[in-house]
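Naming: A, B, ... by sequence-line order, numbering from 1 per chain. All of these numbers come straight from a predicted model, not from anything done at the bench. Note: hydrogens, waters and symmetry copies are ignored here, and every other heavy atom, side chains too, is used.
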Protein chains: 2
Amino acid sequence: MPDWLAYVPRGRRECAYANVRLASRVIGTIYDDALKPVGLRAAQLALLWAIVAMEPVDMTSLGRETATDQTTLSRTVENLRRAKLVSVQAGEDRRVKVIRLTASGRLRFAAAMPYWERAQAEAAKLLSLEALQGMGRSIRRARRSTATEAA
Amino acid sequence: MPDWLAYVPRGRRECAYANVRLASRVIGTIYDDALKPVGLRAAQLALLWAIVAMEPVDMTSLGRETATDQTTLSRTVENLRRAKLVSVQAGEDRRVKVIRLTASGRLRFAAAMPYWERAQAEAAKLLSLEALQGMGRSIRRARRSTATEAA
DNA sequence: CGGGGAAACTTGCATATGCAAGGGATGGCC
DNA sequence: GGCCATCCCTTGCATATGCAAGTTTCCCCG
């Protein structure tokens, strides 16, 4: 048997990325389906959620907290802006863009919540939300500490 | 405090999708970086890996096992084909496409393994690979049973 | 055999994702 | 006051992702 065959995912050596991406796709589909009635994609609600928690917020902070590349945010935020869910204004420092929810963004966010609840319940049937939460916490903690030591 | 504020992720109600997507992005970056020397993206290695395990395999089976939409596969497999890592031929049933690794696909896969090991080790610092594996298993199990009951 | 429906894949469109490179604004340093 | 390094964001390119709709091939049933 050639060496590389030993790496084939038989037994217990599974690729961490393959697992997390599988989970991401499956869970994402659940949320996308559930949120269809409010016309939001799962990723959009997640981004709105972060903005709700942080507003008024600039692109850089948002990227840092959500571990998202600037360039991705630049465009996903623009999508939310086109949908009139957020406003984007130049800050006092005019390099900075200040992002806020609009009134209709708040309404849409609130309207999404019951559907989000259902998706969350659906997801809970597939995997442990607690495990997921632990995973998120541990990643965020690790990122914070590496950011600190890099500074 | 308006009702919707209660849903802001303070305390313990975190969105499952936000967590899994965060993990997916962070882990994906680790693997992408690690695999740069062999010129593979993490997603491409994951797909090659599935093909290695299943070849010769058709699009539909590959999609079922990896929980990937047909249309996504249609294009990601085409990318691998352009890179000459896999071959795609019409099956006996000419609707079916039969996917196999090429010789150079095998070499590249083998070459990627040491870098994959490093990425895997790096990922293990951020989260529990065992937890991730359990999550993957539980999702796959659930999907199999729903597929069965739908049949 | 000859339709018609079903199966397997592809194409059109839209979003998300990120690296490399670019553009404008700031601020510190002279 | 002017210059340049730096910061913040955007654009160009490439990949991944999936729904809706289309195309080709197959097979069953009459």
- Considering heavy-atom distances to DNA chain D, does A:Arg75 or A:Arg25 have its closest nucleotide positioned more toward the 5' end? A:Arg75
- Task: Return the value, rounded to whole Å, for the distance between atom NZ of B:Lys36 and atom P of C:dG18.
- Result: 12 Å
- Message: If you go through the side-chain atoms of B:Thr60, does one of them form a donor-acceptor pair with the base of C:dC9 closer than 3.5 Å?
- Response: no
- Message: Measuring to OP1 and OP2 of D:dA16, would you say a side-chain N or O of B:Gln44 lies under 4.0 angstrom away?
- Response: yes
- Message: Check this one for me: any side-chain N or O of A:Lys97 less than 4.0 Å away from OP1 or OP2 of D:dT10?
- Response: yes
- Following the transitive rule for hydrophobic clusters with a side-chain heavy-atom cut-off under 4.5 Å over Ile, Leu, Val, Met, Phe, Trp and Tyr, establish whether B:Leu129 and A:Leu22 coincide in one cluster. yes
- Here the pair of heavy atoms bringing B:Trp49 nearest to A:Cys15 is CZ3-CB, 4.3 Å
- Message: Between B:Lys97 and B:Glu78, does any side-chain N to carboxylate O distance fall below 4.0 Å?
- Response: no
- Note on the structure: A:Asp69 atom CG is separated from C:dA20 atom C1', nearest whole Å, by 11 Å
- Do A:Arg95 and D:dC7 have a side chain to base donor-acceptor pair shorter than 3.5 Å? yes
- Message: Measure CG/B:Leu62 against P/D:dA16 and give the value in whole Å, please.
- Response: 13 Å
- Message: If you only use heavy atoms from C-beta on, which nucleotide in D:dC26, D:dT15, C:dA8 is closest to the side chain of B:Asp93?
- Response: D:dC26
- Query: Taking the nucleotide of DNA chain C with the closest heavy atom to each, which residue, A:Arg94 or A:Ala43, is nearer the 5' end?
  - Reply: A:Ala43
- On DNA chain D, check which nucleotide each of B:Glu92 and B:Arg82 is closest to and give me the residue with the more 5' one. B:Arg82
- Message: Mind checking if A:Asp32 touches a base, just sugar-phosphate, or nothing, with heavy atoms under 4.0 Å?
- Response: nothing
- Taken to the nearest whole Å, CD1/B:Ile99 to P/C:dA8 is 13 Å
- Between atom CG in B:Asp58 and atom P in D:dT25, what is the gap in whole Å? 17 Å
- Message: Looking at A:Thr71 and D:dC9, is any side-chain donor or acceptor paired with a base atom of the opposite kind under 3.5 Å?
- Response: no
- Task: Please work out if B:Glu78 contacts a base, only the sugar-phosphate, or nothing of the nucleic acid, heavy-atom cut-off 4.0 Å.
- Result: nothing
- Message: Just the rounded figure in Å: distance from P of C:dC9 to CD of B:Gln89.
- Response: 14 Å
- Item | A:Glu55 bridged to A:Arg106 by N-O distance under 4.0 Å | yes
- Message: Can you measure B:Ile27 atom CD1 to C:dG18 atom C1' for me and round it to whole angstrom units?
- Response: 16 Å
- Establish, with yes or no, whether the OP1 or OP2 oxygen of D:dT17 is under 4.0 angstrom from a side-chain nitrogen or oxygen of B:Thr72. no
- Which heavy-atom pair separates A:Ala43 from B:Arg21 by the least distance, and what is that distance? CB-NH1, 3.6 Å
- Note on the structure: Here the distance between atom C1' of C:dG18 and atom CZ of A:Arg64, to the nearest Å, is 19 Å
